[in-house]
A.B. asks: 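Below you will find the structure I want to go over with you.
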Amino acid sequence: MVAWLVEHEFLALEGDVGGIARLWVNPCVALPPWADPRPIAALHHFPYITTAEGGMTADQMVIVQPYDAAAWDDFYQALLHVIEDPVCYSSAGCAIHGR
């Protein structure tokens, strides 16, 4: 499974540290609200992943664009409100940023 995720650019492997695999997740698929995705995307030249206009009914539901620093910057700027004021969906309450 990990090999498939690496092959399809959802993960990047950096070997292991003390027998534990070290990997990076493409910030398109896993981004904490307080994180800036641009350094991770640039470090591993992660592609920018979007969903097709037709969603689940499209022939190709996910579109993988090659790494593009400007696209990542646009993504960051468009979601700055989420980064500055993350929403909590936990029934137990939020501990992030004093919430």
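In what follows, every heavy atom counts, from backbone to side chain, and hydrogens, waters and symmetry copies are set aside.
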A.B. asks: List the atom of R38, the atom of D73, and the distance in Å for their closest heavy-atom pair.
C.D. replies: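 Heavy-atom minimum between the residues: NH1-OD1, 2.6 Å.
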
A.B. asks: Minimum heavy-atom separation for P47 to V64, with atom names?
C.D. replies: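 For P47 versus V64, the nearest heavy atoms are CB-CG1, 3.4 Å.
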
A.B. asks: Any side-chain heavy-atom pair from P27 and W72 closer than 4.5 angstrom?
C.D. replies: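 Yes, side chains in contact.
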
A.B. asks: Verify the cluster assignment for I49 and V6: are they in a single hydrophobic cluster under the rule of side-chain heavy atoms below 4.5 Å apart?
C.D. replies: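 They do share one cluster, since a chain of ILVMFWY contacts under 4.5 Å joins I49 to V6.
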
A.B. asks: Aromatic rings F10 and W4: how do their planes relate, parallel, tilted or perpendicular, breaks at 30° and 60°?
C.D. replies: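 The arrangement is parallel - the two ring planes meet at less than 30°.
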
A.B. asks: Taking all atoms of both residues into account, what is the closest heavy-atom pair of P37 and Y76, and its distance?
C.D. replies: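 Scanning both residues, the minimum pair turns out to be CD-CD1, 3.7 Å.
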
A.B. asks: Go through the steps for F46 and I40 under the test side-chain contact (heavy atoms from CB on, under 4.5 Å), then give the verdict.
C.D. replies: CA-CA 8 Å; F46 275 127; I40 297 168; 3.9 Å; yes

A.B. asks: Is it true that atom CD of E53 has more than 12 heavy atoms of other residues, nucleotides or ligands lying nearer than 6.0 Å?
C.D. replies: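 No - once you tally the heavy atoms of other residues, nucleotides and ligands closer than 6.0 Å, there are 12 at most.
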
A.B. asks: Tell me whether N26 contacts the main-chain N or O of E9 through its side chain, where contact means a donor paired with an acceptor under 3.5 Å.
C.D. replies: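 A pair under 3.5 Å: yes.
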
